[in-house]
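Comments concern the structure below.
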Amino acid sequence: MEEHAGAVGAAGRPRQADLLLLLLLFAALTALSWRRWASFDGDLNREWTTPARVAAGERLYRDVSYYYGPLVPWTEGAAFRLLGARVGTAVGFGLLAALGTLLALQAGARTFLPPAGRLAVASTAAGVFAFAPENGAFPAPYSLAALLAVGLAWASWTLAREGRDVAASVAAGLALLSKVEALPALLFVGLALGPRRRLRFAAVALGIAAAGYAWALRGLPVDELVRYGPLRHAALPPEFRELYLRVAGLHPALLPGALHGLLAGSLLLGGFLAGLSGLLARRPLRAAAGAAGLLSGALLWLSRAPEPLLTTLVRGLPALLLAAFLLALLRAREDEDARHAALAAGIGLSFAWRTALWTVPSFPYAPLAIVSALPAVAWLAASAAPRAVPQARRRTASALLSLPLVLSPLAFLPRLVDFYASPREAVEGPRGRWLPPGEDGALYQAVLDRLQRLGVSDGSLVVVPEATALGFLLGVRSPLRLEQLLPGLLDDATDRDTARRLEETRPRWVVVLPRATAEFAGSALGRDHGRRTAGVLSRDYVPVTTFRLARDPSRSATLLTLAPGR
């Protein structure tokens, strides 16, 4: 096995520069983005309210819907019971989950990467991906379940590499309890073990997951689990298929741009690696091929409507991930680090397949799925490509080829500063404060102030179709099982159930906060979906007042109250 040049310091201890860089970036970007990580028009509502309802004694999947495994509602719910269902508790939980995931990823990368590759993973993961704006930041991601699944899978990988099989198995079982989609990644973790160890690993991990799901799902009929539980994804409604096609870049409207970006990004990145390594190795043909790739990628990038160069480069990561996987497989017999790089690339592919064409300009969800690509891509830049260079210059080649990844936060920082440092209006309630993006804070605060004066209580308030975080800030729970009345969530069956629930519980107050649902093809509550629910609201409720933004009168919220005699 080739020794990593510079991997050990003068005192014989591994250098910690990558961990220090990761922690510094994480701390700096946390300070910049403090409590600004997500909008109320997004999954933040579910991520706050579901654990709070579980903490209050409601049964997951039966009383409140949730489409992933039970780990996050149980653990965050326990934090809410211990520390209070407050924004601060949710923020603390999110920060710990985000930092833990990044540290687990870094620990996995450190097992086979030289120092330059470790710095590349730390810098790009924390500086580019972890704080992607608008419902994409790891401290408040679209899905804490997905975040924990990624982090626990990488923790399982690292523990397995260290021979701590029991701990690795427990981490794998918890990853499955967070999100069953972690299973393909865990198969690659298992391949890092010998046959007997692999069998024990699978038995313990699957046993933990099976026991957890058996307890969470006990006594619940299958049709309920399809409507309100983790089997929802087994019967995808058309709106979900539309959403996933768009996120994956496979939607007909997005496919040409996605393929164009993938090709341009992979040519730019691959051309840089081939060209510079060819120059350092004094191989003219390789250097010329790399220069041609760079030029072709640049022309492709310029040939369409302009987008940030960093976005196009990130679009190329899935192609480099696949290239790293294939190259590592070819070298696996002769190089132990290459064998581990192949398995790490497999973990990356397991999480990144859904965003292979990278539609981040349209949706903010992709960074969480693609972050697992970084260890294998860094191996390609810091270990594989420098092999063409004479031994005396490999350390220099590793540093130079990894430099774009190490410096990537400098390119992304202006976007982060523009998004997070822009003026915002805080929304503050009894359970804490939040700063949503844009000008919505003033609207939400006006609604929240009125609700406080009215004295809402548990079961008396419903917010549709989203923004149930207002109830969280007030410390009250919705009587509905669905926290988000969105297309694909509120289908015909759940629409009937929701309408019936409204008729049975008779919440006194309803807030309607319309929003465009472009990710679901523009469907609107009461027109394209949720007609029964909207019918109950129009029949049994009367408007009290409408709140509008002075700067944007089209953005409004309507407060309804139960009609007399209803």
Side-chain angles (χ1 to χ4, degrees), residues 1 69 100-113 117-118 121 125 145-209 317-356 368-380 383-384:
M1 179 175 65
T101 295
L102 290 175
L103 289 174
L105 178 76
Q106 195 65 30
R110 296 180 106 232
T111 59
F112 63 94
L113 285 180
R118 300 174 194 173
V121 173
L147 180 72
L148 285 186
V150 170
L152 288 165
W154 279 102
S156 179
W157 153 269
T158 305
L159 293 166
R161 288 287 313 273
E162 294 174 352
R164 300 165 63 184
D165 291 7
V166 174
S169 302
V170 171
L174 293 176
L176 292 172
L177 270 180
S178 186
K179 204 172 184 184
V180 292
E181 288 173 301
L183 181 60
L186 296 173
L187 293 178
F188 286 97
V189 175
L191 289 174
L193 306 171
R196 290 186 179 179
R197 295 175 62 199
R198 192 178 302 156
L199 184 61
R200 289 195 300 268
F201 171 82
V204 174
L206 293 175
I208 290 173
L317 283 181
L320 259 65
L321 172 62
L322 182 59
F325 181 60
L326 296 175
L327 182 60
L329 283 178
L330 290 175
R331 296 183 177 177
R333 289 176 178 261
E334 62 188 49
D335 186 344
E336 184 182 356
D337 281 351
R339 181 170 72 87
H340 293 306
L343 295 175
I347 296 174
L349 289 167
S350 299
F351 286 117
W353 66 270
R354 234 185 219 172
T355 53
L368 181 52
I370 205 72
V371 70
S372 289
L374 291 174
V377 171
W379 173 82
L380 188 66
S383 295

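Throughout, residue positions are numbered sequentially from 1 according to the sequence presented.
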Show which side-chain atoms of residues 179-189 pair as donor or acceptor with protein atoms under 3.5 Å away, not counting sequence neighbours.
| unit_1 | atom_1 | unit_2 | atom_2 | d |
| --- | --- | --- | --- | --- |
| K179 | NZ | E181 | OE1 | 3.2 |
| E181 | OE2 | R354 | NH1 | 3.4 |
| E181 | OE2 | R354 | NH2 | 2.7 |

Test side-chain contact (heavy atoms from CB on, under 4.5 Å) applied to [X] - qualifying residues, sequence neighbours left out:
| X | value |
| --- | --- |
| A145 | Y66, Y68, V72, S143, S178 |
| A192 | W157, L343 |
| A125 | L102, L105, V371, L374 |
| A167 | L159, R164 |

Rounded to the nearest 0.5 Å, how far apart are [atom1] of [X] and [atom2] of [Y]?
| X | Y | atom1 | atom2 | answer |
| --- | --- | --- | --- | --- |
| L113 | H340 | CG | NE2 | 12.0 Å |
| L317 | L322 | CG | CG | 12.5 Å |
| Q106 | T101 | CD | OG1 | 13.0 Å |

For a quick test of reading the model, state the closest non-hydrogen atom pair linking [X] to [Y] and the distance between them.
| X | Y | result |
| --- | --- | --- |
| L321 | G348 | CD2-C, 3.7 Å |
| I208 | S169 | CD1-O, 4.3 Å |
| A209 | G173 | CB-O, 4.0 Å |
| A378 | G117 | CB-O, 3.7 Å |
| D337 | D335 | N-OD1, 2.9 Å |
| A146 | L368 | CB-CD2, 3.7 Å |

May I ask you to decide if L380's main-chain N or O and S383's side chain share a donor-acceptor pair within less than 3.5 Å? no
*Would you find a donor on one side and an acceptor on the other, under 3.5 Å apart, between the side chain of S156 and the backbone of L152?*
no
Contacts satisfying salt bridge (Lys or Arg N to Asp or Glu O under 4.0 Å) that involve residues 147-161 (not counting sequence neighbours) are none
So the salt bridge (Lys or Arg N to Asp or Glu O under 4.0 Å) pairs with at least one residue in residues 317-331 (sequence neighbours excluded) are none
Between side-chain atoms of residues 193-202 and protein atoms elsewhere (two or more places apart, or another chain), which donor-acceptor pairs fall under 3.5 Å?
| unit_1 | atom_1 | unit_2 | atom_2 | d |
| --- | --- | --- | --- | --- |
| R197 | NE | D165 | OD1 | 3.4 |
| R197 | NE | D165 | OD2 | 2.7 |
| R197 | NH2 | A160 | O | 3.2 |
| R197 | NH2 | D165 | OD1 | 2.7 |
| R198 | NE | G190 | O | 3.0 |
| R198 | NE | L193 | O | 3.4 |
| R198 | NH2 | L193 | O | 2.6 |

Residue pairs meeting side chain to side chain donor-acceptor pair (under 3.5 Å), one or both in residues 369-380, sequence neighbours left out, come to W154-S372
